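Note sheet for the following structure.
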Amino acid sequence: MALTVREAVFDLFRQAGVHTVFGNPGSTELRMLRDWPADFDYVLGLQESVVLGMAAGHAIGTRGLAVANLHSAGGVGHALGAVFNAYRDRVPVLILAGQQSRSMLPTRPFLAADEPAAFPRPYVKWSGQPERAQDVPGAVAEAYRMAMTPPRGPVFVSVPVDDWDEPATPVPVRQVYADFVGAPEALRELAEALNAARAPALVVGAGVDEEDAQRAVVDLAERAVAAVFLAPLSARSGFPEDHRLFSGSLPPVRDQLAAKLAGHDVVLSIGAPIFKYHVPADGPFLPDGTRLYHLDSDPVQAAWAPLGTSVLSTVRAGVTALLELVEKRDRPMPAPLARPQARAVADPIEPASVFDTLRPMLPDGSILVEEAPSHREEFHARLPITRPGGFLTTGSGALGWAMPVAVGRALVGAGTAVRPGERVVCVIGDGSSMYSIQALWTAAHYRVPVTFLVLNNNGYEAVKQLCRRIQIPDVPGTDIRGIDFVAVAAGLGCPGRRVEHSSELADALAQALRADGPSLVEIPVTAGTAPAYPPAG
Ligand SMILES: Cc1ncc(C[n+]2csc(CCOP(=O)(O)OP(=O)(O)O)c2C)c(N)n1
């Protein structure tokens, strides 16, 4: 019998090294799902944003493509917040969405998407529903190449359900070599600026971690004796945060960001949107006289950046080339980063003391996934990220990302079987956890080594902080009380424990970190009284 669309697409996945499909099934996917190939795992997520987030965590962990199978219009709709995140965070997820039979489409059938290709735009790099069944494998191949070409990102193919059984021709293997180094004259200009700088700074964005370029960036910082900042609200780390040159994160507020860079005459932003703000503020983008360079693969970002000279290049290749041109300098080190005092654990429990307690307990090689918006600064100050790939969060701001990303990241194992990987510790707010709490079920089902620490301050503290910043006393809908997180976790098959008193904290953390599967610890913590992004000093 001739090859079917379905066989051609699975062959394509094999060629791409993909052996896991994350999904949530329905009638419009049945012909794809039948006779499930023995060399593929189907990882079930109980809601589509969970499916997308798990696929993203897996893609981040494998540095490859992940496939998410979503149920026609409704499933895609559920996943869109996570698609937005994958797009902003440049995660290559190939979304295969179900669609009703072509024969039924003219009469607007149950479940069908009216304009499937338009639905996820503009947050996919490519999207389409092929005109003919036999074009599906080619469309999937094209989408795959788009997803994996820097800047990477999600792509979307809508497949009418009958297409899977139609005849197809095999899709030839094609390689796209996607590393590229910036123009030599641009790199020379950049190197000369760094060589001539009095006090250079590097701003490290998620692209550094994404391309595993941390070693090269450390070499560059040490050669140039440059202060290193993390880009505002970065989805990843990218520099060892215990390094003497590490100077903290840049605030996502225009005047505060400029103030933090004061004194640096040359700034090189690597793999980062440096101008990512959260709240409006006036003032110049940069201190007076500071020269800015960007080194990144994204032409769109190079176009919208309000200032600076952009050098289009993939990050690792560009930084490696730059290392040949930058001279070893011998100048005074930048001021060391002030570290906060350790906070003793007491009742009521302060979030800072949770981080201080956790830090010495973290197993070597742990991966921290954070979605605890009001605790972010304290988290970074007290839990410096030191390993490449050691930190993940939402770079877009859409909550509901961390839990499934943590599960997908922990599912990364050797070979094709779903096997546990490294210990993942997901530090999450009570509010954030509820956007995709179903991820606990998949975590329990696959016994992944994830420790969920729910910092329960009974509400949306970050929203209250923003209110305080703009002197709005109160908005509705920011208190959440009455959720029993341990009971919720238990209901989804995940063991949990609530810390009732500070004296139990260390033991609860130790026990959760030792568990060979997932576990959840609910920690009641104090809420703050500070506004968001208070001015320094
Ligand atoms: C999908 C989505 N919905 C709403 C928001 C707005 N929002 C930002 S922070 C926040 C509160 C999160 O609460 P929690 O996780 O408990 O953390 P806390 O702010 O209390 O530290 C909300 C609702 C968002 N960013 N994303």
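Fair warning: this is a prediction, and the values are worked out from it, not measured in the lab. All ligand and atom numbering here is 1-based and tracks the order in the structure.
Between the side chains of Asn69 and Glu29, not a single donor N or O lies within less than 3.5 Å of an accepting N or O. For the 3.5 Å distance criterion, the side chains of Glu461 and Ser374 fail to qualify, holding no donor opposite an acceptor. Looking at Ser519 and Arg497, their side chains never bring a donor and an acceptor atom within 3.5 Å of each other. For the residue pair Thr386/Asp242, the side-chain donor-acceptor check at 3.5 Å is not satisfied. Side-chain polar atoms of Glu370 and Thr393 form a donor-acceptor pair below 3.5 angstrom. Checking Thr28 against His71 by side-chain atom types alone, a donor-acceptor pair falls below 3.5 Å.
For Asp347 (side chain) and Ser502 (main-chain N/O), a donor-acceptor pair under 3.5 Å exists by modelled atom type. When atom types are taken as modelled, the side chain of Asp209 and the backbone of Gly389 share a donor-acceptor pair closer than 3.5 angstrom.
Between Glu371 and ligand 1, no N or O atom pair is found at a separation short of 3.5 Å. Residue Ser433 has no N or O atom closer than 3.5 Å to an N or O atom of ligand 1. Below 3.5 Å of separation, one finds an N or O of Gly459 facing an N or O of ligand 1.
Below 4.0 Å from some heavy atom of Ser432 lie the following atoms of ligand 1, by number and element: 12 (C), 14 (P), 15 (O). Applying the 4.0 Å criterion to heavy atoms of His375 picks out, from ligand 1, the atoms 21 (O). Remark: ligand 1 atoms within the under-4.0 Å shell around heavy atoms of Glu461 are 18 (P), 19 (O), 20 (O). When each atom of ligand 1 is checked for a heavy atom of Asp430 under 4.0 Å away, the hits are 16 (O).
Tyr460 CD2, 3.3 Å is the protein heavy atom nearest to atom 13 (O) of ligand 1. Here the protein heavy atom with the shortest distance to atom 25 (N) of ligand 1 is Gly397 O, 2.8 Å. Of the protein's heavy atoms, Gly431 N, 3.5 Å lies nearest to atom 14 (P) of ligand 1. In this structure, atom 4 (C) of ligand 1 lies nearest to the protein heavy atom Tyr435 OH, 3.4 Å. Considering only non-hydrogen protein atoms, atom 19 (O) of ligand 1 sits nearest to Ala462 N, 2.7 Å. Considering only non-hydrogen protein atoms, atom 17 (O) of ligand 1 sits nearest to Pro373 CD, 3.3 Å. Residue, atom and distance of the protein heavy atom nearest to atom 21 (O) of ligand 1 are Ser374 OG, 2.6 Å. The protein atom (non-hydrogen) at minimum distance from atom 2 (C) of ligand 1 is Leu399 N, 3.8 Å.
Note: His445 NE2 to Leu440 CG = 14.5 Å, rounded to the nearest 0.5 Å.
Taking the six-membered ring where tryptophan is involved, the planes of Phe285 and Phe275 are perpendicular, since the angle between them exceeds 60° and thus also 30°.
Contact annotation: for Val463 versus ligand 1, heavy atoms closer than 4.0 Å belong to the side chain alone.
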